[in-house]
Amino acid sequence: MAHFPDLPQFSGFMKPCRFEGEVQHLEVYGDLPKDINGTFYRVMPDPHLPPRVENDPWFNGDGNVSAFRITHGTVSFQQRYVRTEKFVREREAKQALAGKYRNKYTDAVEFAVRSTANTNIVHFNGQLLALKEDSPPYAMDPETLETKGLYDFDGQLPSLTFTAHPKLDPVTKEMICFGYEAKGEGTLDICYYTVEPDGRFRQTVWLVSPVCGLIHDFAVTENYVLFPVIPQLCDIERLKAQGEHWQWSPETPFYLGVLPRNGAKSSDIKWFTYKTSFPGHTANAYENERGYIVFDLGLSDKNVFYWWPDAQGNSPDPHTIVTQLTRFTFDPKTKDLNLPQPEILHPGNSEFYRIDDRMMSKEYSHSYFDLMDPSLGTDFARIAPVMGGGYPPYNSLAHFNRKTGKTDVYFPGTTYLVQEPVFIPRAGSSQEGDGYVMALVNNYSTMLSELHVLDANDFSKAKAIILLPLRLRPGLHGNWVENEQ
């Protein structure tokens, strides 16, 4: 194939970017706070060649990592692909060699590691780690974005897979991780492990899941880890028949695995259940004064990944899918493994929840997320022809204060949609939520990307808008790293 398919996920703003390089001294409008000094790393699925499978899902592209380096009011931009085995071999062959999403049986060649490294990018122990949950991380140089290679923590990684959402403890500085399908595609194995700040593995616990389901995100409290299993199930025989890796299972409940965080053994895990639901990204979890677990996450009663229908081909109309910030509160020591009815914390259609990371695993008040509010007046008639498809549209950023119940909303304009936010603490302040919120914004009038910076205490307008001279395809996840780190 000499060009990308004429399909929504490869059209308009979703057209692959395929840019590598740097741009110095980006244009800044407004007042960029001088105490923001660090790098915003983010990664987007960005196929560098037309796909082998025409109707490839939008997030099956190669990992392309962006770095926005901010120092004393100036901003530079750098971008490089992760040199995965897939990327290198396809570039040499001048054509796509990998087939369907997470199905090696559809490939033109055999890969040792099939990763696209396209889901998250985290900084730990001097390494920049590009993550895809079906494989080990790829290490990159934080300064040059040069790919160092596949990273197995100096031979310590026990699992074939590594989560796209590791948690960094703000107190101990350890990294809490896991891998599902940890012994290979279609296996029930989960491997939980923690890594000391110097890179040494402290503990490893092997677990067995009740189903081979998708575990995209997880949560950590002071004493427990929580594994929410999405009822999108894998079947190895379906893979061998060149089918999809995931299939929605309306008969399967939402399973939540609860394991003691330290000193656990395999038999200590409890599998709680709730009615069939789609658990999305987690916001936070902690233990209250009664010792109960409080777990906040996005939850939908529909199959959010509608492009992977059930066995009969049924999937919801995307316009009917709503995800809400939801709270489960339950006793981890109970023998009743039915989760109680949850509380809806915020009624809006939301996702990509972020917090002040210093509050991870603690009781917290502030959360920041993408919100879709049709009443704000987004001009979909105007932007629809250039939006492209496959990415959930969110038209605003929200700041929700759980203690006051107040929600502040930033709406960038009628021809904009937003990507995942990150929180940046204000220099010298230890108060939760005192800082800034930063997010990439799609400008459909100019067909270019912008970085919007808000004061977390004032969502009425952006403090600064940083213009890019190019269009960045919607990404999945990113993180802020202070210069001193």
Smallest separation among heavy atoms of Y306 and S315, with atom names: O-CB, 3.2 Å
Separation between OH of Y180 and SG of C212, rounded to the nearest 0.5 Å: 8.5 Å
Between D455 and R426, is there a salt bridge with N-O shorter than 4.0 Å? yes
For the pair F19 and F77, name the ring-plane relationship: parallel under 30°, tilted 30 to 60°, perpendicular over 60°. parallel
Is atom CG of L470 surrounded by more than 12 heavy atoms (other residues, nucleotides or ligands) closer than 6.0 Å? yes
Pair V75, V28 - check side-chain contact (heavy atoms from CB on, under 4.5 Å), show working. CA-CA 8 Å; V75 188; V28 178; 4.1 Å; yes
Is there a donor-acceptor contact under 3.5 Å from the side chain of H245 to the main chain of R102? yes
Measuring from atom CZ of F459 to atom NZ of K406, what distance do you get when rounded to the nearest 0.5 angstrom? 11.5 Å
Are S350 and Y353 close enough that a side-chain donor and a side-chain acceptor fall under 3.5 Å? yes
Do the side-chain N and O atoms of N120 and E133 include a donor-acceptor pair separated by under 3.5 angstrom? no
Can H452 and Y410 be counted as having a side-chain donor-acceptor contact under 3.5 angstrom? yes
Scan side-chain atoms only and decide if D46 and Y81 contain a donor-acceptor pair under the 3.5 Å cut-off. yes
Full working for salt bridge (Lys or Arg N to Asp or Glu O under 4.0 Å) between D134 and R114: CA-CA 8 Å; D134 60 0; R114 202 175 178 269; 5.4 Å; no
Does this structure show an ion pair linking R358 with E432, if we count only N-O contacts that are shorter than 4.0 Å? no
Looking at P45, is its backbone amide N or carbonyl O close enough to the side chain of R473 to form a donor-acceptor pair, meaning the two atoms are under 3.5 Å apart? yes
Main chain of G435, side chain of N457: is a donor-acceptor contact present, judged purely on distance under 3.5 Å? no
Among side-chain atoms of D217 and T282, is any donor-acceptor pair under 3.5 angstrom? yes
Between F162 and M175, the two heavy atoms sitting closest are CZ-CE, 4.0 Å
With distance as the sole criterion, is a donor-acceptor pair present between the side chains of Q242 and N103 under 3.5 Å? no
With no hydrogens and no angle check, just 3.5 Å: does a side-chain donor-acceptor pair link N55 and Q9? yes
Distance alone, cut at 3.5 Å: any donor-acceptor contact between the side chains of D373 and N395? no
Are there over 12 heavy-atom neighbours, none belonging to D6, within less than 6.0 Å of that residue's CG? no
Please report the closest heavy-atom contact between M359 and Y364, naming both atoms and the distance. CB-CB, 3.9 Å
As a quick check of understanding, evaluate salt bridge (Lys or Arg N to Asp or Glu O under 4.0 Å) for R354 and E420, giving each step before the final call. CA-CA 8 Å; R354 301 301 294 259; E420 179 193 48; 3.2 Å; yes
Count the heavy atoms of every other residue, nucleotide or ligand shown that sit under 6.0 Å from CD of E146, and state whether that count exceeds 12. no
Check the angle between the aromatic planes of Y368 and H366 and answer parallel, tilted or perpendicular using the 30° and 60° thresholds. parallel
